[in-house]
Amino acid sequence: MAAPSRFDTHEVTNQSPPFADVDLFGLDIALQDAVRANGAGGEVKALAAFGQRWGTAEMLELGRRANENPPKLRAFDGNGVRQDFVEFHPAYHLFMAESFAARLQASTWRADAAAAPAPAQVTRAARFYMAAQVETGHLCPITMTRAAVAALAVEGDLAAKLMPKIAAREYDPVFRPWPEKKSMTLGMGMTEKQGGTDVRTNTTRAVAAGEGYAITGHKWFMSAPMSDAFLVLAQAEGGLSCFLMPRFAPDGSLNGLRFQRLKDKLGNRSNASAEVEFTDAFALRVGEEGRGIRTVLQMVQLTRLDCAIASAGLMRMALAQAIHHARHRVVFGKRLAEQPLMQAVLADMALDVEAATALVMRLCRAFDLAGDAREAARARLLTPAVKYLVCKIAPALIYEAMECLGGNGYVEESILPRLYREAPVNPIWEGSGNVMCLDVLRALEREPQAARAVMAELAEEAADLPGAGETAGFIVATLSAGDSEARSRAAVERLAMLAAAAALRASSPAWVTECFARTRLATARGATYGTSDISAADAAALLERALPG
Ligand SMILES: Cc1cc2nc3c(=O)[nH]c(=O)nc-3n(C[C@H](O)[C@H](O)[C@H](O)COP(=O)(O)OP(=O)(O)OC[C@H]3O[C@@H](n4cnc5c(N)ncnc54)[C@H](O)[C@@H]3O)c2cc1C
């Protein structure tokens, strides 16, 4: 039964209905096009079922509850005995169960920890992108679990033991040693107080002991503390090394992980991020001593990819909310969506969201086809560039979407404040903006031929689009200049823009691609949304495409 809208003093009118019970896949034409263009056309039916499920009012409501009831650290019991247990709201566990059922934590791996065949990356990314629209905090352990497999793969025997638990469909939150559980999740601990980017400064020590190592030290950020095991960096005799540290020691006792407190974060509230000390914690080495950074880099590439996919998802939900509201709200006798200035703002945002969607899906295709050296080089060069651009534009876009809802957008009952608070973690975590630019430079320095070939390919794929030639020339000139480090943000941003134009050309209608290139490559966009030169006809078409009404 609908809630009464008549009060003693007034009737509730001119408010938009909730954007709930929506089909997150069926309403997202850009996503459908990108999925098809990147080899996952055969998965459309399954993705549609996922989009319907995750767009239900029930799931959206669970997202609110999971974030309004953040996890609590139970460091001790009432008798002062250490528990080191983090308690999550049931809504968080429900999201974990849903994501496990869809195997978001493992679907890109085969049972032997080798890469699953194409289009596993694109299909998972489409699901991950839709899940991020509803609840992003729980995706932290989901991301880390799937990415950790890339590092664990260097230890075949260990990976073989863990994979059946990692790849299971049934989420198991019970706090017991992982061999006794139906499934497991993995976290990672790299960042210490004195350095997160520069993990060479890690002071945590690892000493060979029995069948493994005893690790003593601390981590300043270690998210998803209820994970069953963590990939941890520590200094061993041979140098910085990677270890797998389980929550329980082999004798079944609580391992030496002592949580100090949970971070009081801007957003990402449903997820816990802990400060932790290790006291002779048992761990197994992963990879050779002294090669810890090289080992975790396998994993980091995948977490960076997920940051970009999630940010694209956050933007998509913000845009959909804004268009939905503008279609219902009447101001000065006309719906907002029909007002030329609002159309200009929404259409400008829609271009960025479609570009981000096409860009991340095309990047996932490169991961799917990484057996081909050219695609592997594309994944290597573009992952930091795409993370840089997509994660960085998300907060501004979400803010603009919030403003489209007026005051309601600023109020917690709308999802916009949560999306907005969530957005800045993706650019900071796993390599902040500058670090991404330096990583693009590193790829160019280490494998100059392969990186230059990727840039040439992008220029060719975007050829004839307005501004593509000039953009490609600028990127090459800037990245080869003597002061390339200081100027790399400009080049990396343009590189990702060029890659977006190429990705759009492969998946979106020609008029969308042309509009993107004309307003993003040929001319610099203004500092705010709504400043691009988009015709009224294109604006109307962009809105209809972004949210078929
Ligand atoms: C919510 C949240 C969860 C997290 N979870 C985890 C986790 O589970 N595990 C984990 O290990 N870490 C985690 N982190 C830590 C995160 O990965 C680090 O904060 C991040 O890598 C940056 O490291 P830092 O904080 O030490 O900053 P710094 O390394 O000090 O960097 C500060 C700034 O300097 C810039 N910078 C760095 N080097 C250069 C350079 N050479 N030139 C120019 N600029 C530079 C960076 O881009 C950044 O903007 C988490 C962080 C957050 C916010």
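Indexing begins at 1, ligand by ligand and atom by atom, following the structure's order. Throughout, residue positions are numbered sequentially from 1 according to the sequence presented.
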Engineer: Need the ligand 1 atom indices (1-based, order shown) with element for anything under 4.0 Å from a heavy-atom of Glu430.
Structural biologist: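 Per the distance check, 17 (O).
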
Engineer: Examine the side chains of Glu430 and Thr303 and answer whether a donor and an acceptor come within less than 3.5 Å of each other.
Structural biologist: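 Present: a donor and an acceptor within the cut-off.
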
Engineer: Output yes when a side-chain donor or acceptor of Asp172 lies under 3.5 Å from a complementary backbone atom of Val174, and no otherwise.
Structural biologist: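 Yes, Asp172 side chain to Val174 backbone: donor-acceptor pair under 3.5 Å.
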
Engineer: Could you tell me the residue and atom name of the protein heavy atom closest to atom 26 (O) of ligand 1, and the distance to it rounded to 0.1 Å?
Structural biologist: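 Protein heavy atom with the smallest distance to atom 26 (O) of ligand 1: Gly196 N, 2.7 Å.
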
Engineer: Can a donor-acceptor pair be found, under 3.5 Å and without considering hydrogens, that links the side chain of Ser183 to the backbone of Glu170?
Structural biologist: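 Side chain of Ser183 to backbone of Glu170: a pair is present.
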
Engineer: Do you see a protein non-hydrogen atom under 4.0 Å from atom 47 (O) of ligand 1?
Structural biologist: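 Neighbour list for atom 47 (O) of ligand 1 includes protein heavy atoms (cut-off 4.0 Å).
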
Engineer: Just which atoms of ligand 1 are under 4.0 Å from any heavy atom in Met190?
Structural biologist: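 Close to Met190: 10 (C), 11 (O).
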
Engineer: Nearest protein heavy atom to atom 30 (O) of ligand 1, by residue and atom, and its distance?
Structural biologist: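 Of every protein heavy atom, Thr197 OG1, 4.8 Å lies nearest to atom 30 (O) of ligand 1.
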
Engineer: Nearest protein heavy atom to atom 14 (N) of ligand 1: under 4.0 Å?
Structural biologist: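 Yes; the ligand atom in question has protein heavy-atom contact below 4.0 Å.
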
Engineer: Less than 6.0 Å separating the ring centroids of Tyr129 and Trp54?
Structural biologist: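 They do not qualify: ring centres at least 6.0 Å apart.
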
Engineer: In terms of side-chain heavy atoms, does Arg421 have a donor or acceptor partner in Asn268 at a distance below 3.5 Å?
Structural biologist: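 Looking only at side-chain atoms, Asn268 and Arg421 do not form any donor-acceptor pair under 3.5 Å.
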
Engineer: Other residues, nucleotides and ligands only: do more than 12 of their heavy atoms fall within 6.0 Å of CG on Asp112?
Structural biologist: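 Check passes, neighbour count above 12.
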
Engineer: Identify, by atom number and element, the atoms of ligand 1 in contact range of Gly195, meaning under 4.0 Å from any of its heavy atoms.
Structural biologist: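 Within the 4.0 Å cut-off of Gly195, ligand 1 contributes 26 (O).
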
Engineer: With a heavy-atom distance limit of 4.0 Å, tell me whether Asn271 approaches ligand 1 through its side chain, its backbone, both, or neither.
Structural biologist: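 It is neither; nothing of Asn271 touches ligand 1.
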
Engineer: Can you check which of Leu438, Val276, Ile428, Asn426 brings a heavy atom nearest to atom 39 (C) of ligand 1?
Structural biologist: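 Nearest heavy atom to atom 39 (C) of ligand 1 lies in Leu438.
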
Engineer: Between His89 and Asn69, what is the shortest heavy-atom contact and its length?
Structural biologist: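 Nearest pair, atom of His89 first, then Asn69: CD2-CB, 3.4 Å.
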
Engineer: Identify, for atom 3 (C) of ligand 1, the protein heavy atom at the shortest distance, and state residue, atom and that distance.
Structural biologist: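 For this ligand atom, the closest protein heavy atom is Ser223 OG, 3.2 Å.
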
Engineer: Protein heavy atoms: any of them under 4.0 Å from atom 33 (C) of ligand 1?
Structural biologist: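 No, there is none.
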
Engineer: Looking at atom 6 (C) of ligand 1, what's its closest protein heavy atom, distance included?
Structural biologist: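 Checking every protein heavy atom, the shortest distance to atom 6 (C) of ligand 1 gives Trp429 NE1, 3.2 Å.
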
Engineer: Taking Gln121's backbone N and O only, do any of them form a donor-acceptor pair with Asp368's side chain (distance below 3.5 Å, no angle check)?
Structural biologist: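 Present.
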
Engineer: Can you tell which part of Lys265 has a heavy atom less than 4.0 Å from ligand 1: side chain, backbone, both or neither?
Structural biologist: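 Contact part for Lys265 vs ligand 1: side chain (C-beta onward).
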
Engineer: Numbering the atoms of ligand 1 from 1, which are under 4.0 Å from a heavy atom of Val435?
Structural biologist: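 So the atoms of ligand 1 that pass are 37 (C), 46 (C), 47 (O).
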
Engineer: Checking the N or O distance criterion of under 3.5 Å, is ligand 1 in contact with Met222?
Structural biologist: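 There is no such contact.
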
Engineer: Count the heavy atoms belonging to other residues, nucleotides or ligands that lie under 6.0 Å from OH of Tyr529, then report whether that count exceeds 12.
Structural biologist: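 Above 12, so yes.
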
Engineer: Looking only at protein heavy atoms, which one is nearest to atom 49 (O) of ligand 1, and what is the separation?
Structural biologist: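 The closest heavy atom on the protein side is Ser432 CB, 3.7 Å.
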
Engineer: Flag Val425 as yes when one of its N or O atoms lies below 3.5 Å from any N or O atom of ligand 1, and as no otherwise.
Structural biologist: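 N/O-N/O distance below 3.5 Å does not exist for this pair.
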
Engineer: Return yes or no for this condition: an N or O of Met188 is under 3.5 Å from an N or O of ligand 1.
Structural biologist: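 There is such a contact, yes.
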
Engineer: Side chain to side chain contact (heavy atoms under 4.5 Å, CB included) with Phe100: which of Gln105, Arg169, Lys182?
Structural biologist: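 One option only clears the test, and that one is Gln105.
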
Engineer: Within 45° of the axis and under 6.0 Å from the centre of the six-membered ring of Trp220, does NZ or CZ of Lys263 qualify?
Structural biologist: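 Judged by the rule (NZ or CZ under 6.0 Å from the ring centre, within 45° of its axis), Lys263 counts as positioned above Trp220.
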
Engineer: Counting only heavy atoms not in Arg200 (residues, nucleotides, ligands), do more than 12 fall under 6.0 Å from its CZ?
Structural biologist: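 At most 12 heavy atoms, drawn from other residues, nucleotides or ligands, come within 6.0 Å of this atom.
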
Engineer: Can you pull out the closest protein heavy atom to atom 53 (C) of ligand 1? Residue, atom name and distance to 0.1 Å, please.
Structural biologist: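 I find the closest protein heavy atom is Phe221 CE2, 3.8 Å.
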
Engineer: Students should be able to answer this: which protein heavy-atom is nearest to atom 44 (N) of ligand 1, and at what distance?
Structural biologist: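 Of the protein heavy atoms, Asn434 ND2, 3.0 Å lies nearest.
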
Engineer: Do any heavy atoms of Ser273 fall under 4.0 Å from ligand 1?
Structural biologist: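 Contact present.
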
Engineer: Using a 4.0 Å heavy-atom cut-off, say whether Thr191 meets ligand 1 through its side chain, its backbone, both or neither.
Structural biologist: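 The answer is both, backbone and side chain.
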
Engineer: Determine whether the side chains of Lys387 and Asn426 contain a donor N or O and an acceptor N or O closer than 3.5 Å.
Structural biologist: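 There is no such pair between these side chains.
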
